[in-house]
Asker: 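Can you read through this structure? Questions will come right after.
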Amino acid sequence: MPTLYAWLFDAYPSADGMTVWFLDGDGRAHALHDRFTPAFYAHGPRQDLHDLCRMLRSRGAPVELRRTERTDLFLDRPLEVLEVGVRIPASLPRLLRQAADFRPRLTYYDADIPLPQRYVLARAAFPLAYCAVEHVGDHVRQIETLDSPWELDYRLPPLRVMTLRLSGEAPTSLLGPAEERGIFDAFAAAGPRSGAEGVPGQGGPRSGHRGDLLVGVDGRQYGFKRRDSRRLLLGLRHLLERHDPDLLLSAYGDNYILPRLLELSNHYRIPLPLNRHPGLAVEHKSAHSYFSYGRVIFRDEQHLLFGRWHVDRQNAFLADDYGLDGEIEIARMSGLPLQTVARTSTGTGISAMQVATALRRGVLVPWQKRQPEALKTGLDLLAADKGGLVYTPIAGLHEHVAELDFTAMYPSIMVHFNISPETVGTGCCPGEPVPALGTAVCRHRQGLVPETLAPLLEKRARYKALIRQLPDDDRRKEAFQRRYSAHKWLLVTCFGYLGYKNARFGRIEAHEAVTAYGREVLLQAKELVEARGFRVLHLYVDGLWIHKPGALRRPDYPALVEEICAQTGLRIELEGVYRWVAFLPSRVEPRVAVANRYFGAFEDGTLKVRGIEARRHDTPPYIKETQMEMLAILAEGRDAEGFRALLPAAIALASARLHTLRAGEVEPRQLVVTHRLSRQPEEFRARTAAAQATRQLLAAGVRPSPGENLRFLYVPGPEKARPWELIEGSVAYDRAAYIELFLRAVESLLMPVGVDRKTLDEWLLGNTGYWGPPGVLPPKGVDARVPLLARAKERRFQVIDSSATSVAVTKEVVGHW
DNA sequence: TTCAACCACTT
DNA sequence: ACCCTTGGTTGAA
C-alpha cells in the first residue's frame, strides 16, 4: 500500500467524508478523501428521543442511530444518550437544526464543534502535523501522526506564497526581498497595519481605494491595471495555474481584493481558480460587530479557500504580534484550521483546546451553556465580584524600585488550585475553601480547564527557556519568539472565558475563585516582602513594586523570588529594577495616585509605559512621538536625580516640537486622531468630534460600522473634525485643540516632579523660555533656538537654570513661540 | 459654575 | 463570539 509522508495542510467536509490536503517535502500538494462520520448526541425523555429517531428515519437522513452512554462534565456520571452519526459530515449542522426544532426540549451535545477540528482530533492529527498516510488511490486508509503538538522545534513544509496587494498600499512588498528567508519573516516585515495604530495609510478599500493589483510570486512582481479587468483576470489566472501557490497572502484581500476579483470573474465569465479544489466556490463570511472587553469589535467580512489558504494581513488578529508563525503554532495546538486561527481571537483557540480535552476524555461537549449563575446575596456579590487586587500607588517619582510579577498568574492559579467550571462549588466532595469566598473546590479529580492549561503553561516555559539560551544570531529565534507570544496570548484569554456567559466551559463562580486566589496570593507576597524590610509602593493584580529604603547594596531579589514561590506555590519573577519609576496622580483628584498610569526606565534603559497618552490609540502620532522621545531622553537618567537633570533637555524637545505645532507646520497625517466607534452613526447624542466626523462620512455615502476605526483631524470652527478620508489637498488643523492635547501629554511626564499645568504653560506658552541647545533634537525646518539663545545673551536675559545640556532664561518672549 | 449623561479607553 | 472601570467632554440646569 502506498505511503505518503507529508504535512496535513487542509481538511474540509466533502461527500461522505473529508477532503484532506497534504504537502510533501518537495512542496507538492496531494488531495485525498477520507470517510468520516461525526456524531452529535441528544439527551432527555425517552419518548422525545424515540420521536427524534422516527423523524430522522422517515426523512431518510444520512444517519446512524444508536443508544449509548456518555459522561456529562457537570454531573460527573454517565448519561444515556442518543448518538446521531452523520454520514455526510457537511449536513451535520442542518440535521442538528432540524432535530432541535423538532424536539427543543432535548439537550444536545457535540453539536457545534467545527468539522475540520473534529476530523483531526478523530485521526489524532493536527494542522501541519507531519504524517505517514497510507492510501489506496485517493482514499485514505490510515494516518499515522509522526509529529507532536508539544514539539518546540518542528519542521514545516515549504510553502509557495503568492502575495496580493493594491498599489500604494504597503510600501514594501508583503514578501520581503530576501525571500529565501521564508515567508515567516516576510509576513512580519510587511509593515504596520494602517488604521489600527500610528500613521494612517493612504486609506484602505473602505475609503474608496483606487489601486492597481500587484501580485508577487516566486520572487517576481506583476502589476495589473485596474482599468483592464479582463487582462487582470486572465493574468492572475495564468499565475495561479502556473505557480499553484499554497498561500495567498494579501493586504485587504478579505474586504476588497477577493470580492472584487469574484465580481469581475462573474461579470466577464472568466473562471478564476482561487480555490485549489476544482468546482468549489470561495467561502464567504459576512462582516459583523460584537461585544468584547466592554466594547464593540468590528469583524470584517472573510473570504476563505479550499485546498489553499488565504490570509489577509489587514484582517488578522494580532498579526503584528505573533504573525504566521504564531498562527501556525495555535493551529497545531488547537486543531483549528489556519484560516480560522488567523482571523479570530486566541480565545477561540483556548476554547477549541478545551473541547479537545473533553472529546479525548469522552466527556460530552455542551451545545449551549445552560449553567445559570447561582443566586447570591448582595453582600456575597460585593465580596466576590472584586476582580484583581488593585492598590493605590504612592504617587511621584521613585528610584531603584523592583517590579515582581507572577508569571501567567491566572492560568497558573487555575492549574495549581484546580479551578474549573465543574470543580468549583459543586459539592461532590468537601473540597478546599476558596480564600475569602469559602466556596469549595474539588481536589480529588483534575478539572477540565486545568488539564487543558497545565501542558500549555509548561510549553510556554520551555519556549521561554529555549529563547533565552539561543544566541541572537540564530535564525530560528524570531520564530520561537512569535510562537512564545502566541502562547502568552492564549493564556491571557483563557481567564476571560471562565467568566464569559456564553463560553462552553465557563462558570462565573470559577471566575470569581480565580480572582479571589489572585488577591490572596498577592497579599501573601506583600506581607512577605514587608517582613523582609521592603516598602510596597504599588500592587496591581499580579505584580508588586517594591523598594528597600536605605539599602546600600542591591537586595537579593533571586532569594526573595524563591521565598515567594515557596510560600504561594506560584512562580513569580523579577520583571526588572527601575532606575526610576513614576506613578501618576489622578487628574480629577490630584492628591491621589491612580493604579494604571505609570512609566519608568529599567536598569538596561528600556522603558515601561502604561496608561499615559503614548499608550492610547486615540493619541495622534505627533503627540505620541513627542512623549516617547521625551521619555527616551529621561530614560538616560540613572536615578531620580538623573531624571531631574535631564528634564531641561526633555522640555527643550517638547518646546521645539510645540513650536512646529503652533506654527501650523505639522503634517496633518501626524495629527490624525483614531476613535473606535461604539454605536451606529445615528445613535450619537452628544456632538463630539467623532460624531461630527461620522456625520460627514454619512453625507459622503460611507457608513462606518460599530467597532470600526474612525480617523479624523480636528479642524477650526464649528465643523470641529473632518474625516481623514474626506481630506483632499492641504487643510489647516485646529491648533488650539492640538496644543491642548500636546500640553496634557507633556504634563503627564512632568507631574511626578511637581510641575503643574500652570508652570508648564508659562514655560512653553508664556514668557519664560526653557530650552536646550541645538543638537538635542533639532526641530524640523527652522531651528529658532540658535539665534534665540544668542539674542537672549545679547539682551541680557536672566538665566534661571542651566545644565550641561540646556539653559533656561526668563523675562519675555524671545522671538516667536 | 455644576453635574449628569455620554463616549472612548486602559489594565 | 472575553469581564469591569476611569477620565474627559458635552450640554443643560
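Note that this is a predicted model, so its numbers are computed, not measured. So you know, we letter chains A, B, ... as the sequences are listed, proteins then strands, and number each from 1.
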Asker: Starting from C1' on dG7(C), measure out to CZ on Arg744(A) and report it in whole angstrom.
Answerer: 10 Å
Asker: Can you tell me the distance, in whole Å, between the CD atom of Glu683(A) and the P atom of dC7(B)?
Answerer: 9 Å
Asker: Choosing from dG7(C), dC9(B), dA8(B), which nucleotide comes nearest the side chain of Arg616(A)?
Answerer: dC9(B)
Asker: When the distance from CD of Glu512(A) to P of dC4(C) is rounded to whole Å, what number comes out?
Answerer: 10 Å
Asker: Cut-off 3.5 Å, side chains only: do Gln696(A) and Gln692(A) have a donor facing an acceptor?
Answerer: no
Asker: Does dG7(C) have its OP1 or OP2 closer than 4.0 Å to a side-chain nitrogen or oxygen of Ser586(A)?
Answerer: yes
Asker: Quick one: label Val541(A) by what it contacts on the DNA or RNA (base, sugar-phosphate, nothing), any heavy atom closer than 4.0 Å.
Answerer: nothing
Asker: Distance alone, cut at 3.5 Å: any donor-acceptor contact between the side chains of Ser748(A) and Glu613(A)?
Answerer: yes
Asker: Separation of Arg676(A) atom CZ from dC7(B) atom C1', in whole Å?
Answerer: 14 Å
Asker: If you look at every strand shown and take non-hydrogen atoms under 4.0 Å, does Tyr540(A) touch a base, only sugar-phosphate, or nothing?
Answerer: base
Asker: Take Glu682(A) and Arg703(A), measure what salt bridge (Lys or Arg N to Asp or Glu O under 4.0 Å) needs, and give me the verdict at the end.
Answerer: CA-CA 10 Å; Glu682(A) 60 277 3; Arg703(A) 193 187 165 79; 3.2 Å; yes
Asker: Any side-chain N or O of Arg679(A) less than 4.0 Å from the OP1 or OP2 oxygen of dC7(B)?
Answerer: yes
Asker: dC4(C) C1' sits how many Å from Tyr410(A) OH, rounded?
Answerer: 11 Å
Asker: Kindly give the atom pairs (protein nitrogen or oxygen, nucleotide nitrogen or oxygen) under 3.5 Å for nucleotides 10-12 of chain C.
Answerer:
| from | atom 1 | to | atom 2 | distance (Å) |
| --- | --- | --- | --- | --- |
| dG11(C) | OP1 | Arg687(A) | N | 3.1 |

Asker: When you look at Trp367(A) and Phe40(A), which way does the ring-ring contact (aromatic ring centres under 6.0 Å, His included) test go after all the steps?
Answerer: CA-CA 10 Å; Trp367(A) 178 25; Phe40(A) 67 86; 8.8 Å; no
Asker: Tell me if a side-chain donor or acceptor on Trp580(A) pairs with a main-chain N or O of Leu634(A) at a distance below 3.5 Å.
Answerer: yes
Asker: Please confirm whether the shortest side-chain N or O distance from His617(A) to OP1 or OP2 of dC9(B) is below 4.0 Å.
Answerer: yes
Asker: What is the separation between atom CD1 on Ile612(A) and atom P on dA8(B), rounded to the nearest whole Å?
Answerer: 23 Å
Asker: Look at the side chain of Val594(A) and decide which nucleotide, out of dC7(B), dG7(C), dT11(B), has an atom nearest to it.
Answerer: dG7(C)
Asker: Measure from CG on Leu741(A) to C1' on dA8(B) and round the result to the nearest Å.
Answerer: 14 Å
Asker: Can you list the residues that meet the side-chain hydrogen bond (donor to acceptor under 3.5 Å, both in side chains) rule with Lys459(A), with sequence neighbours excluded?
Answerer: Glu329(A)
Asker: Is there a donor-acceptor contact under 3.5 Å from the side chain of Gln117(A) to the main chain of Gly335(A)?
Answerer: no
Asker: Using atom CZ of Phe712(A) as one end and atom C1' of dA8(B) as the other, report the distance to the nearest whole Å.
Answerer: 10 Å
